[in-house]
Undergrad: 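Before we start, here is the structure in question, set down as structure tokens.
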Amino acid sequence: MNCTSTRRRLRGLERGASADVVPGAAEHLAECPACRAWWAGRARLDQVLAGLSQPVVPLELRARVLDAVARRRPRPVYLTGRSAAVAVAVLVAVLVPVGRPRGPRVVAVAETEFRSDSLLQQHAFAVSADPLADAASMHALATVAMRAEWPGGVGQ
Amino acid sequence: MAEQLGEVVERARRGDSASFEALYDRFEPGVYGLCYHLLGDRDAAMDATQETFVNAWERIGRLRHVEAFSAWLRRAAINVCRHRRRKLGRLSWFSEHEPGGDPEETLASTGGPPDDLARGELSQQVREALGKLSTAHREVVVLHYYQGLELKDMAVTMGVAVGTVKSRLGRARDHLERLLTPYLTE
């Protein structure tokens, strides 16, 4: 294995992984001082980056943020897709009389579909504007939250 | 601990400002640190931290899983920083208030490399090198090394595939290696 292929394969390793997992790499490193130095530098880069410092939080930040928060109110939670559809269905059930001739009922359903589409479109806009509102994303984030910790001793 | 956090988040969801204040106290260092490393500027990080928490307060009612709060907040902070980076461009990275010249401005992380790496010239060089990365590459570096996230968690947080995260991280490390070569040799 030459220098180029050795480095290319070692680059693909996870942080902190041993060169032994790449067949032939350890042998090449043993006989090539340049690649050995490169590999050591790579490990040192990981070490340096892992030491990204926790900046000191400015003392004035807390009061500033909490003051800004106090001037706002939580936004009301609007109906989302499924609940909006249920609400529309309830409205239809209440507003559309049972036993009416088939003709007018068709018109009523058409109107309902139109209104439902409109609500769903509103929901789609809301989700695209705020990806945090997306249920699938929230499930995924919940999974992350259970595994990931915040630096600086804070978190779960 | 997780249950306690969940209870606090739930109370905040119902509009209890005192509970939200408790959440702020718990997550302030992490959010500020994340914003600081993504934006590279103390004042910008303060603004981004404020915007993140204000947004979180306004939208916490939409949070469906209280256990997801920390990840939700992290993603909110990243979105705020992305937006601010787009507005600011790359005109400025570290301001004159930055910690490079003042050892009191930074704290060495626990369990990291030797103390001498956390301060001084190398620390300054690392911050400057981070500033030369693209937004996407800086995000993966900060999430992986500062926040300590695994690849799959980074993928969820950034909204991209794991393979994308892996390739971005590899390229970011290559770029940093080139920028920091003189400082990486023993």
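This is a predicted model, so every value here is computed, not measured. Order of the sequence lines sets the chain letters (A, B, ...), proteins ahead of strands, with each chain counted from 1.
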Undergrad: With sequence neighbours left out, what residues match S5(A) under side chain to side chain donor-acceptor pair (under 3.5 Å)?
TA: N2(A)

Undergrad: Do R74(B) and L143(B) touch side chain to side chain, with heavy atoms closer than 4.5 Å?
TA: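 Yes, their side chains come closer than 4.5 Å.
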
Undergrad: Contact part of N55(B) toward chain A, heavy-atom cut-off under 4.5 Å: side chain, backbone, both or neither?
TA: neither

Undergrad: Would you compute the distance between atom CD of E139(B) and atom CZ of R85(B) and round it to the nearest 0.5 angstrom?
TA: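 Nearest 0.5 Å value for the CD-CZ distance: 10.0 Å.
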
Undergrad: Please classify the contact of L45(A) with chain B as side chain, backbone, both or neither, using a heavy-atom distance under 4.5 Å.
TA: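 Contact with chain B is through both the backbone and side chain of L45(A).
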
Undergrad: With only heavy atoms counted, which part of V126(B) is less than 4.5 Å from chain A, the side chain, the backbone, both or neither?
TA: side chain

Undergrad: Could you pull out all residues at least two apart from W39(A) that satisfy side chain to side chain donor-acceptor pair (under 3.5 Å)?
TA: none

Undergrad: Which bit of F53(B) is near chain A, if near means a heavy-atom gap under 4.5 Å: side chain, backbone, both or neither?
TA: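 Both the backbone and the side chain of F53(B) come within 4.5 Å of chain A.
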
